[in-house]
Amino acid sequence: MDSQHTIIINGNPLAFEDGESILEVARRNHIHIPTLCYLKNTHRIRMCNICVVENADTGHLVLACTTLAHDNVHIRTESHKVFHVRQRVLQIMLSHGNHNCSLCSDEIKGWTGFQTMVQKYDNSSEMCPVWGECELQDLAFRYQASAKKFPEANTKYPMEMVNPFIVRDFSRCIFCCRCVKACNDIQVNNAIEYSHIGHDIKIVTPGDKPLKESDCVFCGECVQVCPVGALVEKDVRYKVRPWETKKVRTTCSYCGVGCQIALHVKDNQVVKVTGVKNAPPNMGSLCVKGRFGFNFINSKDRLTKPLIKENGKFREASWDEALDLVARRLGEIKNTHGPETIGVLTSARITIEDNYIISKFTRGALKTNNIDHCARL
């Protein structure tokens, strides 16, 4: 880096630029500082206090996400003081709302114990729907934090199930505001906000309406950034666990942007889609079609064989028969009425290579320039 500024983190002198936070310097140098409210490329807001670190020069604790790096300051990211403060913060989080992160942790002894525990609690309200991929759970295990008593789930704000793609479980919300920052700063939809309702805190839409009655476009950005089980895809809730799937990276086929997506595959079927973080051009973000429009893949209504219409009805045919028919009819129309009577439409749902071949076929074989492409499916 061009900057001559240096901060010392865990004994390592690290260069930084003006305006960089301690967290940004640490992450750039692969030093882990846990966070729950931090979201890259959004405005800084201190909510979770998990990123606390120790200024070794003064003994004071500071928040790594909002504290700017300074020259020759010594920072400790995992001192005893830091460990116990993070543990206490996590205990407070676990004591409010429905967070059963440590459920049956004593039962998990090796893979056999894990399988037994899953069979006992899976697909029930006793186990969190994001058990196994929850950031709060990971931190609770790491810092040995658990509430002495888990209260009843917060029923003041009932679970919102009426939305077509997203389940909102307010009892599991830790008010990290990642969803608000993702909606407002990244997607700029401004569909939700952080609000005080009396003495309570709640993530709400304007007028506190369900998402389906708001300006939400169901891009699912809020679901992807949620660190707990407060926002979950409706189709996979209590149906799919992360250890049951494998990720397959591919390119979204809905338009020509080329968004990078990860297909979560179980039993050779796509059950979930997420954006690939830090991969251009979308950097993890997706639209509603890219994230939720995958059920057609396994639809029973998909055509698997060519159909030929005879006497007003379709019948199944082989590819050779269908291709021969198309070639013959196109040739007849071209010879009888001229090539300008033929038009070709290509699709945004196929590859650029396929579209190129169709263009060459239209102009080279059919001898017409009547070809168009719709990228607005």
May I ask you to decide if Asn98's main-chain N or O and Arg172's side chain share a donor-acceptor pair within less than 3.5 Å? yes
Check: Leu63 main-chain N/O paired with Thr67 side-chain donor or acceptor under 3.5 Å: yes
Are the side chains of Val217 and Val288 in contact, using a 4.5 Å heavy-atom criterion? no
Without swapping roles, check the side chain of Tyr254 against the backbone of Gly293 for a donor-acceptor pair under 3.5 Å. yes
Please report the closest heavy-atom contact between Arg86 and Tyr143, naming both atoms and the distance. NH1-OH, 2.7 Å
Check: Ile50 and Met93 side chains under 4.5 Å, non-hydrogen atoms: yes
Whether the side chain of His99 engages the backbone of Ser95 through a donor-acceptor N/O pair (distance < 3.5 Å, no angle test) should be reported. no
Tell me which one of Asn369, Leu366, Thr368 satisfies side-chain contact (heavy atoms from CB on, under 4.5 Å) with Val344. Leu366
Going hydrophobic residue to hydrophobic residue with side-chain gaps under 4.5 angstrom, can you get from Phe296 over to Val273? yes
Heavy-atom check, side chain of Ile192 versus side chain of Val204, under 4.5 Å: no
Who passes ring pair (Phe, Tyr, Trp, His ring centres under 6.0 Å) against Phe218, sequence neighbours left out? Phe165
Closest contact, heavy atoms only, Phe16 versus Val25: CB-CG2, 3.5 Å
Give the minimum heavy-atom separation between Trp243 and Gly132, together with the two atoms involved. CZ3-CA, 4.2 Å
Walk me through whether Glu20 and Arg28 qualify under side-chain contact (heavy atoms from CB on, under 4.5 Å). CA-CA 11 Å; Glu20 278 195 298; Arg28 181 162 42 77; 2.8 Å; yes
Using a 3.5 Å distance criterion without hydrogens, assess whether the side chain of Ser79 forms a donor-acceptor pair with backbone atoms of Arg76. no
Full working for side-chain contact (heavy atoms from CB on, under 4.5 Å) between Lys202 and Asp208: CA-CA 9 Å; Lys202 188 183 181 185; Asp208 198 13; 3.1 Å; yes
Please work out which of the three classes, parallel, tilted or perpendicular, describes the rings of His196 and Tyr194, given edges at 30° and 60°. perpendicular
Check whether Gln224 reaches the backbone of Gly275 with its side chain - one donor and one acceptor, N or O, closer than 3.5 Å. yes
When rounded to the nearest 0.5 angstrom, what distance separates CD1 in Ile186 from CD in Glu221? 5.0 Å
Has Glu213 got a side-chain atom pairing as donor or acceptor with Pro210's backbone, closer than 3.5 angstrom? no
Minimum heavy-atom distance between Phe314 and Leu307, given as atom pair plus value: CD2-CB, 3.7 Å
Side chains of Thr35 and Arg27, donor plus acceptor under 3.5 Å: yes
Donor-acceptor under 3.5 Å (Lys334 side chain, Ala365 main chain): yes
Indicate yes or no: does Glu78 engage Arg142 in a salt bridge with an N to O separation below 4.0 Å. yes
Count the heavy atoms of every other residue, nucleotide or ligand shown that sit under 6.0 Å from NZ of Lys40, and state whether that count exceeds 12. no
Does Leu14 share a hydrophobic cluster with Val73, counting links as ILVMFWY side-chain heavy atoms below 4.5 Å and allowing steps through other members? yes
Just how far is it from atom CG of Asp185 to atom CG of Asn189, taken to the nearest 0.5 Å? 11.5 Å
Donor-acceptor under 3.5 Å (Asn184 side chain, Glu193 main chain): no
Value for CD1 (Ile357) from CD1 (Ile350), rounded to nearest 0.5 Å, stands at 10.5 Å
How long is the straight-line distance from CG of Asp57 back to CG of Asn55, given to the nearest 0.5 Å? 5.0 Å
Side-chain heavy atoms nearer than 4.5 Å, only ILVMFWY residues, links allowed to pass through others: does that put Val85 and Ile174 together? yes
Compare every heavy atom of Pro206 with every heavy atom of Ala191, then report the nearest pair and how far apart it is. O-CD, 3.3 Å
Tell me if a side-chain donor or acceptor on Glu135 pairs with a main-chain N or O of Leu36 at a distance below 3.5 Å. no
Among all residues two or more places apart in sequence or in another chain, which pass the ring pair (Phe, Tyr, Trp, His ring centres under 6.0 Å) test with Phe361? none
Does Gln187 reach the side chain of Ser285, with side-chain heavy atoms less than 4.5 Å apart? yes
Donor-acceptor contacts, no H, no angles, side chain residues 225-234, under 3.5 Å, sequence neighbours left out:
from   : atom 1 : to     : atom 2 : distance (Å)
Lys234 : NZ     : Met161 : O      : 2.5
Lys234 : NZ     : Asn163 : O      : 2.9

Rounded distance [0.5 Å steps], SG in Cys48 versus CD1 in Ile45: 10.5 Å
Is the closest side-chain donor-acceptor distance between Thr251 and Gln260 under 3.5 Å? yes
Could you go through the side-chain contact (heavy atoms from CB on, under 4.5 Å) check for Asn190 and Asp215 one step at a time? CA-CA 8 Å; Asn190 299 309; Asp215 292 332; over 6 Å; no
Over 12 foreign heavy atoms within 6.0 Å of CD1, Ile297: yes
Working to the nearest 0.5 angstrom, can you tell me the gap between Leu345 CG and Ile358 CD1? 10.0 Å
With a 4.5 Å cut-off on side-chain heavy atoms, are Cys252 and Val257 touching? no
Mind running side-chain contact (heavy atoms from CB on, under 4.5 Å) on Thr205 and Cys216 for me, showing each step along the way? CA-CA 9 Å; Thr205 63; Cys216 177; over 6 Å; no
Quick one: does Val53's side chain get under 4.5 Å of Ile9's, heavy atoms only? no
From the list Ile342, Leu325, Asn335, side-chain contact (heavy atoms from CB on, under 4.5 Å) with Leu330 holds only for Ile342
How about Lys272 and Val240: do any of their side-chain heavy atoms sit closer than 4.5 Å? no
Could you tell me whether Arg46 atom CZ has more than 12 heavy atoms of other residues or ligands within 6.0 Å of it? no
NE2 of His43: more than 12 outside heavy atoms within 6.0 angstrom? yes
Flag yes if Phe294 and Ile261 sit in one hydrophobic cluster, no otherwise; membership is Ile, Leu, Val, Met, Phe, Trp, Tyr, and two members link when side-chain heavy atoms are under 4.5 Å apart. yes
Any side-chain heavy atom of Cys222 within less than 4.5 Å of one from Ile166? yes
Give the minimum heavy-atom separation between Ile7 and Ala69, together with the two atoms involved. CD1-CB, 3.9 Å
Val270, Val248: one ILVMFWY side-chain cluster at the under-4.5 Å cut-off? yes
Using a strict threshold of under 4.0 Å (side-chain N to carboxylate O), is an ion pair present between Arg44 and Glu24? yes
